[in-house]
Amino acid sequence: MSGGLVTLGETMGLVAADGIGSLEFARGFAFGIGGAESNVAIGVARLGGSATWIGRVGRDATGDLIERRLRGEGVRATVIRDSSFTGLMVKHRRTAGLLHVDYHRAGSAGSRLVPADVPAAAVRSAGILHVTGITPALSGTARETVFHAVEAAHAAGVTVSVDVNYRSKLWSSYDAAPVLRDLVTRAQVVFAGPDEAELVLGPGGNPAERLAGLGPSEVVIKDGARGCTALIEGERHAVKALEVTVVDPVGAGDAFVAGYLADRLAGAGPAARLGTAIAAGAFAVTFPGDCEGLPTRPDLESLLSATDNVSR
Ligand SMILES: Nc1ncnc2c1ncn2[C@@H]1O[C@H](COP(=O)(O)OP(=O)(O)O)[C@@H](O)[C@H]1O
Ligand SMILES: O=C(O)C(=O)C[C@H](O)[C@H](O)COP(=O)(O)O
């Protein structure tokens with residue numbers, strides 16, 4: 001199907017310790033998958049949109065799992081099997097309020113993405129090309145691939161969406177800032193946290209307005225439990241977060257982006273897109289796991305209409 005979301009990046013195996021405390025005392029572990037771009041693709045698919053993910057995984061069991069999970073979620077996946085290993089994230093909750101994530105991804109299959117991996121026809125027929133600031137941090141060729149896909153989208157008149165997603169464990173702010181700034185300059189839709197806006201622009205001022213000054217016509221500032229602010233086609237928006245019980249904050253940003261982009265692809269206006277994004281972000285924090293808590297449309301309806309905490 002044409003006109004959907006196309007995204008590319010690295011998806012990893014995700015080992016998550018049960019409970020709270022140091023990793024050595026964990027009673028059990030769940031094994032799932034995670035990756036910012038595939039989380040967004042799954043999120044869009046769960047909300048009824050069409051989504052394509054492009055990336056490399058190893059010829060190993062984790063690679064098999066990722067391929068099966070993406071297909072099972074209805075994501076069109078161009079999965080290239082690589083001779084390197086599939087990357088891994090290990091996540092544990094050190095204290096009730098502090099989640100710790102270790103990456104095992106240097107030299108991984110996902111980091112070996114090259115421009116030729118991106119099918120030109122998929123980008124040409126996309127409604128939105130979505131990329132993040134994580135992929136350019138993975139390797140020189142992964143960085144080239146992101147910019148190559150963005151240029152292909154521009155050439156075809158396809159909207160480019162960027163989630164700044166700065167990951168300090170992958171590169172320094174000194175190395176990241178000019179690359180992320182370049183990426184923002186080439187996008188029409190940009191998502192960032194307040195700290196990420198500051199990383200790209202330096203301190204001071206209104207983050208949405210300053211990012212929009214680099215060129216994007218839609219800038220959305222995700223601000224955790226505070227909600228979001230946005231500057232969309234010159235109009236300011238501010239939406240409060242929904243009050244929910246937080247189980248796992250990781251994945252909220254990707255759910256939020258999926259909500260916004262799914263509605264944008266479906267032709268909804270800015271206020272509706274932000275409402276769906278806010279609800280999707282809130283829903284995601286109520287679940288453990290990075291992509292398991294991505295909502296369907298009925299999930300969002302039940303969250304928004306919940307008056308009781310038992311459904312029967
Ligand atoms: N504790 C929370 N309660 C309700 N909604 C939340 C909470 N945390 C995040 N969200 C929603 O998810 C969005 C994205 O979360 P945020 O933490 O800002 O992103 P990221 O994961 O990219 O840092 C927020 O703008 C908000 O709408
Ligand atoms: O790919 C990476 O490097 C990741 O960190 C994968 C994470 O699963 C998500 O990106 C979750 O991120 P948030 O939604 O911002 O909480």
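All figures in this text were calculated on a predicted structure; none of them were measured in a lab. We count residues from 1, following the sequence as given. For ligands, and for the atoms within them, numbers begin at 1 and follow the listed sequence.
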- prompt: Considering distance alone, does some N or O of G34 sit under 3.5 Å from an N or O of ligand 2?
  reply: no
Atom 6 (C) of ligand 1 has as its nearest protein heavy atom G224 O, 3.8 Å
Checking V257, T135, D254 against E37 for side chain to side chain contact (heavy atoms under 4.5 Å, CB included), the one that qualifies is T135
Quick look: A252 vs ligand 1, heavy-atom contacts under 4.0 Å, and the answer is both
Review point. Does even one non-hydrogen atom of E37 get within less than 4.0 Å of ligand 2?
Key: no
If you scan protein heavy atoms around atom 16 (O) of ligand 2, the nearest is G251 N, 2.7 Å
### Message
When you measure from the heavy atoms of G193 to every atom of ligand 1, does any distance fall below 4.0 Å?
### Response
no
The option among K222, K240, E243 carrying the non-hydrogen atom nearest to atom 22 (O) of ligand 1 is K222
Nearest heavy atom to atom 15 (O) of ligand 2, choosing from M12, R105, R167, belongs to R167
Logged contact type for V239 with ligand 1, heavy-atom cut-off 4.0 Å, is neither
(message) D254 versus ligand 2: do any nitrogen or oxygen atoms come within less than 3.5 Å of each other?
(response) yes
Per side chain to side chain contact (heavy atoms under 4.5 Å, CB included), D163 is matched among T132, L261, V131 by T132
Restricting to heavy atoms, the pick from G253, A225, A192 nearest atom 7 (C) of ligand 1 would be A225
At under 4.0 Å between heavy atoms, what of D254 touches ligand 1? The answer is neither
For ligand 2 and K222, I'd like to know whether there is a polar contact (N/O to N/O, distance under 3.5 Å). no
Can you see whether E10 engages S111 through a side-chain donor-acceptor pair at a distance of less than 3.5 angstrom?
no
Under 4.0 Å between heavy atoms, the region of I134 that gets near ligand 2 turns out to be side chain
- Query: Does an N or O from V244, backbone or side chain, lie closer than 3.5 Å to an N or O of ligand 1?
  - Reply: no
**ligand 2 to M89 polar contact by distance, N or O atoms, under 3.5 Å** = no
T7 versus H130, side-chain donor and acceptor atoms under 3.5 Å = no
Practice item. Answer with yes or no whether the side chains of T86 and R56 bring together a donor and an acceptor at under 3.5 Å. Key: no
Exercise. Please check if a non-hydrogen protein atom sits closer than 4.0 Å to atom 19 (O) of ligand 1.
Key: yes
Per-atom filter on ligand 2: closer than 4.0 angstrom to a heavy atom of D290 are 7 (C), 8 (O)
Q | Close N or O approach (A36, ligand 2; < 3.5 Å) | A | yes
